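It should be emphasised that the depicted structure is a prediction, and the values quoted were computed from it without experimental measurement.
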Amino acid sequence: MKNIIIYFGPKKGLKKILPNHYRTLTEIVTEGDQKRNKILVTTDETNQIEELEYVENLVAYSEAYAGITEGAIQSFVSLLSRYDIDNLYLQNPTIPILHQVQQAFPDKIKIEKYKYKPISEKKFIDMYKNFSEHIIGQDQARERIMMSLYPLVKSRHIRKPIVLMFYGISGVGKTETAKFISDTIGEKLFRKQFSMFHSEEFASYLFGGTHMQSSFARDLLERESNVILIDEFDKPAPVFHSAFYQLFDEGVFEDKNYRVELFNSIIICTSNYQSEEDIQKYLGDPIFYRFDRFIKFEKLSKEAMGLIIEKLCREKYDKLTAKEKTIIHFAPLLEKFLGLTGGFKNVRHVSNIIDEYIGIILVRKFMESNE
């Protein structure tokens, strides 16, 4: 072994440093199994010394570890010893693999980490100026968000994440704000919807099951953004909150298989609670006091809802084909829904009703023209 590059981060970053030609761990393990299955076990063959297969560049992507047995994980260096390898690339190795390689090849290892985009002063200014255009009716939230993120602009040495709780009724811009922040920085938002997990599967996902199972830590290692959104953080049982103590305090998350660092990151959690008192009551003090700031998203005013209706009508009208625009006209569409402003609950409600209205008209016209 000449060189070992241990890479922490998403696959798109690893591919930038890979040579043009390489083989993957999945390929050589599959081929090795097939060869061994074809061997006829005879006395002569058993006594033969197997010649090492030469591999110039070997790459183990994150998902490759799930394709090998627990025994292979625990004896990973022995698995590698079957091959004559020049350069080995390991993406997000499990803790057992990392420890083995460090012990066996201490002088050949180079650590590479994906460089997540920081919030530059220009991006911070753009975020402030464009916020109200993208997130309508939440100017108070904007001020508190920008104040919270300002330390990341002035310093590149903040290890602890900025941990925010966005709260308020559903459909008023909490999730869209997280997307807007990530888009402004220029990265793909890392988002997890905690309400989709049941308790049993969530325990394995959060604390780590077998190395073959998906986990929060592995997903974090493969993220493409340092903006992390945990939607509906309040839905899992409080017993799971302890998993986040070290993450919120120090920017480190570790389960039984993986360890991940989230320095200089922004962690946004959302909930539908109506007050900080409710958050503290239902989530409990240990996790409550680990949030840096609680930011309320207010119920949308009639004026804000009117602006949202105009924005949504324009977006949906612009997506229509030229033929569909001869059926649906923008001015009447906008006038109709502005007249219903007081009857909408939130942005999601408005969007769904406009889609339904446009869809019904287009289907009716289509059927009339084909009778």
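The shortest side-chain heavy-atom distance between Phe8 and Ile6 falls under the 4.5 Å cut-off. Annotation: side chain of Lys311 is not in contact with side chain of Arg314 (no heavy-atom distance under 4.5 Å). A 4.5 Å side-chain heavy-atom check between Leu152 and Phe124 finds every atom pair outside the cut-off. Between Ile228 and Leu189, the closest side-chain pair of non-hydrogen atoms is not below 4.5 Å. Between Tyr205 and Phe240, the closest side-chain pair of non-hydrogen atoms is not below 4.5 Å. Side-chain contact between Lys256 and Phe207 is absent, with no heavy-atom pair separated by less than 4.5 Å. Residues Ile295 and Ile145 meet the side-chain proximity criterion, which asks for heavy atoms closer than 4.5 Å. Under the 4.5 Å side-chain criterion, counting only non-hydrogen atoms from C-beta, Glu121 is in contact with Lys154.
More than 12 heavy atoms of other residues, nucleotides or ligands sit less than 6.0 Å from atom CZ of Arg293. Shown here is Glu303, whose CD atom has no more than 12 heavy atoms of other residues, nucleotides or ligands within 6.0 Å. Atom CZ of Phe330 sits in a crowded spot, with more than 12 heavy atoms from other residues, nucleotides or ligands closer than 6.0 Å. Counted within 6.0 Å of CD on Glu143, heavy atoms from surrounding residues, nucleotides or ligands total more than 12; the atom is thus considered enclosed. In Lys365, the NZ atom is not crowded: 12 or fewer heavy atoms of neighbouring residues, nucleotides or ligands sit closer than 6.0 Å.
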**Report entry** Evaluation steps, ring pair (Phe, Tyr, Trp, His ring centres under 6.0 Å), between His349 and Phe344
**Finding:** CA-CA 6 Å; His349 187 208; Phe344 295 116; 5.5 Å; yes

Requested in this report: Tell me, with the steps shown, if Ser148 and Asp292 meet side-chain hydrogen bond (donor to acceptor under 3.5 Å, both in side chains).
Outcome: CA-CA 8 Å; Ser148 302; Asp292 294 309; over 6 Å; no

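Here the rule is salt bridge (charged side-chain N to carboxylate O under 4.0 Å, His left out) with Asp126, and of Lys129, Lys123, Lys122 only Lys122 fits it.
Arg82 and Glu53 are not joined by a salt bridge, as no carboxylate oxygen comes within less than 4.0 angstrom of a charged side-chain nitrogen. Using a cut-off of 4.0 Å between Lys/Arg side-chain N and Asp/Glu carboxylate O, Glu31 and Arg23 are scored as salt-bridged. A salt bridge does not link Glu277 with Lys281: none of the charged nitrogens is closer than 4.0 Å to a carboxylate oxygen.
Under the 3.5 Å distance criterion, with hydrogens and angles disregarded, no donor-acceptor pair is assigned to the side chains of Glu56 and His21. Of the N and O atoms on the side chains of Gln193 and Glu232, at least one donor lies less than 3.5 Å from an acceptor on the other residue. Using modelled atom types, one finds a donor on one side chain and an acceptor on the other under 3.5 Å when comparing Thr175 with Asp231. Side-chain N/O atoms of Ser170 and Arg348 include a donor and acceptor closer than 3.5 Å. Remark: the Asn92 side chain and the Ser62 side chain contain an N/O donor-acceptor pair separated by less than 3.5 Å.
Judged by a 6.0 Å distance limit and a 45° cone about the ring axis, Lys325 is positioned over the six-membered ring of Tyr317. Both the sub-6.0 Å distance and the 45° axial angle are not jointly satisfied by Arg223 relative to the ring of Phe190. For the pair Arg142 and Tyr128, the cation sits on the ring face: its NZ or CZ lies under 6.0 Å from the ring centre, inside 45° of the axis.
Across every non-hydrogen atom of Phe248 and Cys269, the tightest pair is CZ-SG, 4.0 Å. When all heavy atoms of Glu70 and Gln74 are compared, the closest pair comes out as OE2-NE2, 2.7 Å. Contact between Ser215 and Tyr258 at its shortest, heavy atoms only, is OG-CD1, 4.0 Å. What you find for Thr26 and Ala64 is that their closest heavy atoms are OG1-CB, 3.5 Å. Counting all heavy atoms, side chain and backbone alike, Ser225 lies closest to Lys188 at CB-O, 2.7 Å. Scanning all heavy atoms of the two residues, the minimum distance from Glu187 to Ser182 falls at O-OG, 2.8 Å.
Applying the side chain to side chain donor-acceptor pair (under 3.5 Å) rule to pairs touching residues 327-336 yields nothing, sequence neighbours excluded.
Residues near Ile360 contribute nothing to a hydrophobic cluster around it, because no ILVMFWY side-chain heavy atom sits closer than 4.5 Å to its side chain. Think of Tyr61 as one node in a network of Ile, Leu, Val, Met, Phe, Trp and Tyr side chains linked at under 4.5 Å; its network also takes in Ile5, Tyr7, Leu14, Ile17, Leu18, Tyr22, Val59, Tyr89, Tyr114, Tyr116.
Evaluation of the side-chain contact (heavy atoms from CB on, under 4.5 Å) rule for Glu254 yields Ile95, Arg259 as partners, not counting sequence neighbours. Residues satisfying the ring pair (Phe, Tyr, Trp, His ring centres under 6.0 Å) test with His134, not counting sequence neighbours, are Phe180. Remark: Phe76 engages no residue in a ring pair (Phe, Tyr, Trp, His ring centres under 6.0 Å) (not counting sequence neighbours).
Aromatic pair Tyr167/Phe297: centroids not less than 6.0 angstrom apart. Residues Phe291 and Phe288 keep their aromatic ring centres 6.0 Å or farther apart.
Put simply, CZ on Phe216 and CG on Asp219 are 8.0 Å apart, with the number rounded to the nearest 0.5 Å.
In this structure, the side chain of Gln138 does not engage the main chain of Ile135 through any donor-acceptor pair within 3.5 Å. Under the 3.5 Å distance criterion, the side-chain polar atoms of Tyr282 are left unmatched by any main-chain donor or acceptor of Tyr273. The backbone N or O of Gln274 lies less than 3.5 Å from a partner atom in the side chain of Lys296, making a donor-acceptor pair. In this structure, the side chain of Asn87 does not engage the main chain of Asn57 through any donor-acceptor pair within 3.5 Å.
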